[in-house]
Amino acid sequence: MAEREVVRRFGKVALVGRPNAGKSTLLNSLLREKLAIVSEKPQTTRNRIVGILSEKRGQMLLLDTPGVHKGRHRLNRRMVRAATDALNEADVVCLLADAAAPFGGGDEYMIELVKRAQAPKVAVLNKVDIMAKEALLPRIARYAETALFDEIVPLSARSGDGVALLADLLWERLPEGAARYDEDLLTLHPERFLVAERIREKLLSHTRQELPYSTAVIIDSWEEEERGGLVSILATILVERESQRRIVLGKEGRMIRAISTDARLDLEQYLERRVFLRAHVRCEANWREKGRILERLDKEARNVDLGANIEKSEGDL
């Protein structure tokens, strides 16, 4: 009996939701590799992170978006716009909710927001591994009564339970089409941006709850030795106030050394090369409102046109 031909599919899946819903963890779980940084602190994701999942079934572009929240600063408004833009261009919309947290006005707002999207919709109730089982059915019913979603999938992005089922449901809803990107590509982002993100991840893990919102990481220089295999990276950590600068530096420079050491070890594993990392802290008042800084951060991320063909994407990398 002849083997059934696999239908090849290509399309974009937008992962949207409130801050801390687990979108980046789910992205990494679907890709089976770490692409997006993860932190327990809200608003960790600031850019739309594009992950490329290539299989026999086709190619799925996963758009990990910033959590939707009230944008008090220019930076935050850009973050929310990145999420809403992804809704408009997605072939499938995947709404993530933290099922372990009480359902509230923010969840109602997200439902109203995704209602505007024309694409098929899947609701993902994440973090079921840390909630009481008897609380799950009422939450499923809450989303079912909206009649918006093709599927409602309870899962744990952290443990991976339910992620394979979600992947199958997403593949089924993608349009037929040929892959547009090299199947070896994991993302369309420049390496410098991903390195800056990993440094910021270590900054988040070492600093206080209120500090991460007003910090950013910029790669100032990147030099590679041809023979020795050493990558020398100079990075700037931006803060908004001198008091924040002192926190990041720490007493006698202990905090910045700890951040730098953790980041260097992570980068050596990621780049598979020896890394020399030097980070300094610069105070730039109200940088989240300054267009020149936000434009530079956007340029570092440099999301390419997702409609581009493979020749263009390769040239941009």
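Quick caveat: nothing in here was measured; it's all calculated off a predicted structure. Hydrogens, waters and symmetry mates play no part in the numbers below; they use all other heavy atoms, side chains included.
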Does either side chain, that of [X] or that of [Y], offer a donor lying less than 3.5 Å from an acceptor on the other one?
X: S159; Y: D129; value: no
X: S214; Y: Q244; value: yes
X: E224; Y: W222; value: yes
X: D220; Y: T236; value: yes
X: Q59; Y: S54; value: yes

Measuring from [X]:[atom1] to [Y]:[atom2], what's the distance to the nearest 0.5 Å?
X: L53; Y: E33; atom1: CG; atom2: CD; value: 10.5 Å
X: E191; Y: R198; atom1: CD; atom2: CZ; value: 10.0 Å
X: L125; Y: F103; atom1: CG; atom2: CZ; value: 10.0 Å
X: E145; Y: I111; atom1: CD; atom2: CD1; value: 8.0 Å
X: E172; Y: D150; atom1: CD; atom2: CG; value: 10.5 Å
X: S24; Y: L62; atom1: OG; atom2: CG; value: 11.5 Å

Is any NZ, NE, NH1 or NH2 atom of the basic residue among [X] and [Y] found under 4.0 Å from an Asp or Glu carboxylate oxygen of the other?
X: R200; Y: E300; result: no
X: D168; Y: R57; result: yes
X: E151; Y: R173; result: yes
X: R8; Y: E176; result: no
X: R292; Y: E284; result: yes
X: E89; Y: K12; result: yes
X: R78; Y: E295; result: yes
X: D98; Y: R158; result: no
X: D64; Y: K23; result: no
X: E226; Y: R273; result: no
X: R48; Y: D85; result: no

Would you say that [X] contacts [Y] through its side chain, given a criterion of any heavy-atom pair below 4.5 Å between the two side chains?
X: T207; Y: T215; answer: no
X: V275; Y: L230; answer: no
X: L61; Y: V13; answer: no
X: I237; Y: H280; answer: no
X: I199; Y: L203; answer: no
X: W287; Y: L297; answer: yes
X: M110; Y: V68; answer: yes
X: L204; Y: T44; answer: yes

Looking only at non-hydrogen atoms, find the nearest pair between [X] and [Y] and report the distance.
X: P66; Y: A82; answer: CD-CB, 4.0 Å
X: R142; Y: E108; answer: NH2-OE2, 3.9 Å
X: R9; Y: L174; answer: NH1-O, 2.7 Å
X: Y143; Y: A97; answer: OH-CB, 3.2 Å
X: V153; Y: L165; answer: CG1-CD2, 4.4 Å
X: V128; Y: S156; answer: CG2-N, 4.0 Å

Quiz item: So D91 and F10, side chain to side chain contact (heavy atoms under 4.5 Å, CB included) or not? Walk me through it.
Solution: CA-CA 9 Å; D91 297 293; F10 176 86; 5.9 Å; no
Assigning hydrophobic clusters by single linkage (Ile, Leu, Val, Met, Phe, Trp, Tyr; side-chain heavy-atom cutoff under 4.5 Å), is [X] placed with [Y]?
X: V217; Y: L277; result: yes
X: L87; Y: V92; result: no
X: I49; Y: L294; result: no

Determine whether a donor-acceptor pair (N or O, by modelled atom type, separation under 3.5 Å) exists between the side chain of [X] and the backbone of [Y].
X: N286; Y: E240; result: no
X: H73; Y: R288; result: no
X: N28; Y: A36; result: yes
X: K121; Y: A119; result: yes
X: R74; Y: K290; result: no
X: E201; Y: S39; result: no

Self-check item: Residue from V124, L96, D161 passing side chain to side chain contact (heavy atoms under 4.5 Å, CB included) with L155
Solution: V124
Quiz item: With L35, which of L30, V50, L27 fulfils side chain to side chain contact (heavy atoms under 4.5 Å, CB included)?
Solution: L27
Quiz item: Does E242 CD have over 12 foreign heavy atoms under 6.0 Å away?
Solution: yes
Self-check item: Flag if over 12 foreign heavy atoms under 6.0 Å of CZ, R257
Solution: yes
Quiz item: Does NZ or CZ of R264 come closer than 6.0 Å to the centre of the six-membered ring of F276, within 45° of the ring's axis?
Solution: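 Not flagged: R264 not positioned over aromatic ring of F276.
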